[in-house]
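Values reported hereafter were calculated over all heavy atoms of this structure, with side chains retained and with hydrogens, waters and symmetry mates removed.
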Amino acid sequence: MIVKDETERIRNIVGKRILLIALPGYPNGIIEQMRALGAEVDYMHDKPDEGVLCKTLGRLHIKVYQKVLHKYYEKQIEKYYDRNYDYILVIRGEYTPESAIILLRKSFPKSKIILYMWDGLHKKNTRGIEKKWPLFDKVYTFDRIDYEENKDKITFLPLYYYDNYLPKNMPESNSDNFRYDISFIGTGHGDRIKIVKQIFKKCQYNGMSTFSYFYLPHPLLFLSNKLLNKHYKNVHGSDIKYKMLSFEKVYEVYSNSRCVIDVENIGQHGLTMRSIEILGLKRKFITTNSDIVNYDFYNKNNVMVIDREDPDFDLDFIKKPYIQLKEEIYEKYSLKNWILEILN
């Protein structure tokens with residue numbers, strides 16, 4: 001919900017001290033926007049490092065490693081002990097042990113401690129996170145269905161698009177100057193590559209221009225998928241890239257695309273960030289996530305839901321004009337409004 005008096009909401013953030021705990025890369029745009037709104041922001045990595053071992057041990061919730069994580073948080077908190085934060089915002093929370101949240105509460109007794117979950121409760125890495133909810137002042141989820149099932153405990157707040165990263169000279173929504181008719185950028189897990197390739201094959205056969213960028217963090221993951229993932233049968237090494245694209249590059253590609261594809265994780269309900277980014281960029285959108293029809297920005301002229309088991313669709317959808325929505329809808333899903341909501 002957008003509060004009419006945005007000036008008052010911004011005034012409530014000016015001068016506030018915020019500690020953001022999240023994985024690296026992801027919070028850059030958040031920090032920039034918070035500072036632009038007048039807040040003072042410090043950043044803390046949510047775990048000791050981004051290595052595979054650190055991630056694996058953290059997700060397995062091994063007791064010995066939980067102690068390692070606690071020691072890490074203990075040292076990090078010492079660096080900021082005198083900051084007197086108004087807000088502590090934890091993104092994900094899977095690597096933040098209960099003992100660390102208690103320590104944050106003890107170290108910063110005046111802080112409002114908030115959790116934002118950007119993974120659904122169905123995922124293995126969120127296992128047991130409900131036990132941590134009572135330790136936070138407020139818990140938000142990006143997943144509408146998780147919210148519906150836990151209304152008395154959590155609050156629904158979808159993801160956002162980076163309004164501060166939108167290209168300044170991008171083509172108009174119904175321009176004839178798009179570089180690509182359809183594009184996809186994302187990690188190459190599950191059945192995602194197979195589905196995108198099926199769609200692209202049809203589009204290319206009909207003379208449409210395409211762009212794809214499938215990312216994996218390490219070549220060993222490609223080999224693992226080739227051995228264990230049945231959907232990797234027709235995936236080749238040349239399909240995969242091992243370097244992530246910057247937000248700026250991703251937005252450049254999307255803004256130069258007439259339409260963008262989205263394939264969510266199997267079993268996921270919450271809308272991906274890509275879904276909201278394409279809303280902000282005002283581009284047409286094809287997705288396998290049927291829950292998108294329950295959102296206020298859904299318009300069948302702009303968004304098409306396809307079956308991941310049979311991802312066929314009418315190509316005319318891509319060619320038909322994009323329908324402009326009310327401006328308050330675009331504002332509602334901006335990063336700026338997300339920050340104003342979560343720190344309200």
Does [Y] offer a backbone N or O that forms a donor-acceptor pair with the side chain of [X] under 3.5 Å?
X	Y	value
Ser209	Asp181	yes
Ser275	Leu271	no
Asp262	Thr287	no
Lys282	Tyr330	no
Asn289	Asp291	yes
Tyr180	Asn256	no

**Item:** Polar side chain donor-acceptor pair, Asn265 to His189, under 3.5 angstrom
**Value:**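 Checked: Asn265/His189 side chains pair up, N/O donor to acceptor below 3.5 Å.
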**Request:** Determine whether the side chains of Tyr161 and Ser334 contain a donor N or O and an acceptor N or O closer than 3.5 Å.
**Result:** no
Which distance, rounded to the nearest 0.5 Å, do you find between the [atom1] of [X] and the [atom2] of [Y]?
X	Y	atom1	atom2	value
Tyr213	Thr187	OH	OG1	12.5 Å
Ile91	Ile30	CD1	CD1	4.5 Å
Arg11	Leu37	CZ	CG	13.5 Å
Tyr254	Phe285	OH	CZ	8.0 Å
Ile276	Met273	CD1	CE	8.5 Å
Leu89	Met34	CG	CE	5.0 Å

**Message:** Tell me whether Ile129 shares a hydrophobic cluster with Leu103, the cluster being built from Ile, Leu, Val, Met, Phe, Trp, Tyr side chains joined at under 4.5 Å.
**Reply:** yes
**Request:** Evaluate the ring planes of Phe222 and Tyr232, with Trp represented by its six-membered ring, and classify them as parallel (under 30°), tilted (30 to 60°) or perpendicular (over 60°).
**Result:** tilted
Decide if the gap between the ring center of [X] and the ring center of [Y] is smaller than 6.0 angstrom.
X	Y	answer
Trp338	Phe142	no
Tyr140	Tyr147	no
Tyr333	Phe297	yes
Tyr162	Tyr160	yes

**Message:** Given the ring of Phe313, does Lys202 sit roughly above its face, with NZ or CZ under 6.0 Å from the centre of the six-membered ring and within 45° of the axis?
**Reply:**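 Lys202 over Phe313 ring: yes.
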**Message:** Tell me if the NZ atom of Lys153 is crowded by more than 12 foreign heavy atoms within 6.0 Å.
**Reply:** no
**Message:** Please determine whether the number of non-hydrogen atoms from other residues, nucleotides or ligands lying under 6.0 Å from atom NZ of Lys201 exceeds 12.
**Reply:** no
List the atom of [X], the atom of [Y], and the distance in Å for their closest heavy-atom pair.
X	Y	value
Asn229	His231	OD1-N, 2.9 Å
Tyr80	Tyr43	OH-O, 3.2 Å
Cys203	Leu315	SG-CD2, 3.8 Å
Arg105	Leu135	NH2-O, 2.9 Å
Ser173	Phe178	O-CZ, 3.5 Å
Arg83	Asp42	NE-OD2, 2.9 Å

**Prompt:** Quick one: are Val139 and Asn150 in side-chain contact, heavy atoms under 4.5 Å?
**Reply:**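 In short, these two side chains do not touch, never coming nearer than 4.5 Å.
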**Item:** Any Lys336 side-chain heavy atom under 4.5 Å of Ile10 side chain
**Value:** yes
**Chi angles and distances behind the salt bridge (Lys or Arg N to Asp or Glu O under 4.0 Å) call for Glu264, Arg192** = CA-CA 8 Å; Glu264 84 285 5; Arg192 181 175 275 177; over 6 Å; no
**Asked** When Lys320 is tested against each of Asp316, Ile318, Ile323 for side-chain contact (heavy atoms from CB on, under 4.5 Å), which residue passes?
**Response** Asp316
**Derivation and outcome, salt bridge (Lys or Arg N to Asp or Glu O under 4.0 Å), residues Glu74 and Lys71** = CA-CA 5 Å; Glu74 207 169 38; Lys71 285 290 183 183; 3.7 Å; yes
**Request:** Decide side chain to side chain donor-acceptor pair (under 3.5 Å) for Asn301 and Asn299; before the verdict, give the C-alpha distance in whole Å, the side-chain angles of both, and the deciding distance to 0.1 Å.
**Result:** CA-CA 5 Å; Asn301 297 290; Asn299 182 305; 2.9 Å; yes
